[in-house]
> 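My structure is below; once you've seen it, I'll send some questions.
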Amino acid sequence: MRTLRINEKLERMVIDKLLHAGCVFAEEEAELLIAEAKTSDELLKMTESRALGAPIEYVLGYTCFCGLRINVERNVFVPRRRTEFLAEKAKAIVQDGDRVVDLCCGSGAIGAAIASGADIHLHAVDIDEAAVRCAKRNLSGLGAHVYQGDLYSVLPRSLKGSVKMIAANIPYVPTGFIDLLPQEARLHEPKSALDGGEDGFMILRKVAAEAPEWLAPGGDLMIETSGRQASKAAEIFEESGLTARIAKDKDLDATVIIGRLKRLQKSQI
Ligand SMILES: C[S@@+](CC[C@H](N)C(=O)[O-])C[C@H]1O[C@@H](n2cnc3c(N)ncnc32)[C@H](O)[C@@H]1O
């Protein structure tokens, strides 16, 4: 709901400033800024910041993900539209009472989306302090546990063998490709949120290798990757003992690898 009343002249000024700065969706962005600003001064500061190149999500302080309003702060990875594909796939599998881990959670958008569809026990981990602070805000009220640390190292040992879903949008950009990313990611998001190491699989290898220890039989590890990296990523899953499946959404340009931990045969129990 708009709280700030502004005149047409100010609105035009905001739109013109954004257009001048090269914002393709200047009118839509102006509307969002006007809806968010509490005073004309604040509106002008926000417009200036956007015109100087700050991502609109940082200027607004939020983004929309799977129909949810997710707080984002500067230096925290901005959840992408394409990642909604992973979140929706995870939602389709998870049921009430399941234990779910949002690994490399950033703002906690994926965990929040999954929790919006089922009454789950959610654990979220990120190595970055700002991301953890942000995830705590977004996941408050969901009974989630949010930890700061390196991948699985900070999860309670009691979760081992019982997790139904590990949803992990890990950094997967090969180091040498980071300079080719759009300016908003390259200049404004932390490199540690993007950098997947020399071949882009450095973190994936660790995540996949340890996943079988944490998953319940029949549980899934789900990661996002690029179309180009998909078959190698699936191979890494298989080497870790997971049965891998590649899923794609053309409209969102999204690729997800789903790795299922095999259920034990009766003879193995
Ligand atoms: C691509 S971002 C994804 C964030 C969020 N899941 C999303 O989709 O919006 C990757 C995240 O992984 C975190 N990260 C990188 N290395 C990590 C590690 N070793 N352990 C835990 N988190 C890590 C980064 O801080 C960043 O927030």
Side-chain angles (χ1 to χ4, degrees), residues 55 57-58 61-91 100-116 122-139 142 144-155 159 165-175 177-178 181-182 184-186 188-198 200-211 214 221-226 229 233 249 252-257:
E57 296 85 355
Y58 287 164
Y62 77 91
T63 189
C64 292
F65 186 82
C66 291
L68 303 174
R69 182 176 162 127
I70 300 291
N71 296 302
V72 280
E73 56 180 85
R74 284 172 200 257
N75 293 317
V76 176
F77 183 87
V78 176
R80 306 294 203 261
R81 262 310 303 288
R82 76 159 68 87
T83 306
E84 292 185 348
F85 182 56
L86 184 155
E88 293 296 347
K89 286 254 161 236
K91 270 174 87 171
V100 174
V101 173
D102 181 352
L103 203 60
C104 296
C105 66
S107 63
I110 297 173
I114 300 173
S116 72
L122 178 61
H123 299 259
V125 182
D126 202 284
I127 201 159
D128 180 75
E129 191 181 341
V132 168
R133 191 170 52 238
C134 203
K136 280 186 176 162
R137 274 177 77 198
N138 285 314
L139 301 176
L142 294 172
H145 303 272
V146 185
Y147 315 89
Q148 183 180 355
D150 184 19
L151 301 178
Y152 302 96
S153 68
V154 279
L155 286 172
L159 286 182
M165 168 72 58
I166 302 170
N169 185 18
I170 58 179
Y172 59 84
V173 182
T175 309
F177 285 68
I178 289 182
L181 290 176
E184 293 191 348
R186 201 164 25 86
H188 295 275
E189 290 180 322
K191 194 167 174 236
S192 56
L194 308 166
D195 192 351
E198 198 180 339
F201 299 111
M202 186 186 76
I203 297 180
L204 174 60
R205 284 193 187 89
K206 293 184 194 169
V207 168
E210 215 178 307
W214 296 89
L221 166 66
M222 218 180 255
I223 61 122
E224 180 181 289
T225 188
S226 67
Q229 292 168 299
D249 183 296
L252 290 174
D253 185 26
T255 303
V256 159
I257 315 289

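As the structure lists them, so they are numbered: ligands from 1, and atoms in each ligand from 1. The figures that follow rest on heavy atoms only: side chains count, while hydrogens, waters and symmetry mates do not. Source: prediction; values computed, not measured.
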> Return the set of residues passing side chain to side chain contact (heavy atoms under 4.5 Å, CB included) with Gln229 (not counting sequence neighbours), or none when no residue passes.
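Counting only residues at least two positions away or on another chain, Gln229 forms a side chain to side chain contact (heavy atoms under 4.5 Å, CB included) with Tyr172, Pro174, Phe201, Thr225, Ser226.
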> In terms of the angle between their ring planes, are Tyr58 and His188 parallel, tilted or perpendicular, with boundaries placed at 30° and 60°?
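Aromatic pair Tyr58/His188 classed perpendicular.
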> Apply side chain to side chain donor-acceptor pair (under 3.5 Å) to Asp128 and list each qualifying residue two or more places apart in sequence or on a separate chain.
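Partners of Asp128 by the side chain to side chain donor-acceptor pair (under 3.5 Å) criterion come out as none, since no residue qualifies.
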> Pick one: which of Val72, Ile110, Val78 meets side-chain contact (heavy atoms from CB on, under 4.5 Å) with Phe65?
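When side-chain contact (heavy atoms from CB on, under 4.5 Å) is applied between Phe65 and each of Val72, Ile110, Val78, only Ile110 qualifies.
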> Below 4.0 Å from any atom of ligand 1, which residues have a heavy atom? Give them in chain and number order, please.
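Lining ligand 1: Phe77, Pro79, Thr83, Cys104, Cys105, Gly106, Ile110, Asp126, Ile127, Asp128, Gly149, Asp150, Leu151, Asn169, Pro171, Ser192, Ala193, Ile203.
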> The criterion is side chain to side chain contact (heavy atoms under 4.5 Å, CB included); which residues satisfy it with Lys206, sequence neighbours excluded?
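In terms of side chain to side chain contact (heavy atoms under 4.5 Å, CB included), with neighbours along the sequence ignored, Lys206 is linked to Leu151.
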> Are Leu194 and Phe77 side-chain neighbours, meaning at least one heavy-atom pair lies under 4.5 Å?
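Yes - at least one pair of side-chain heavy atoms lies under 4.5 Å apart.
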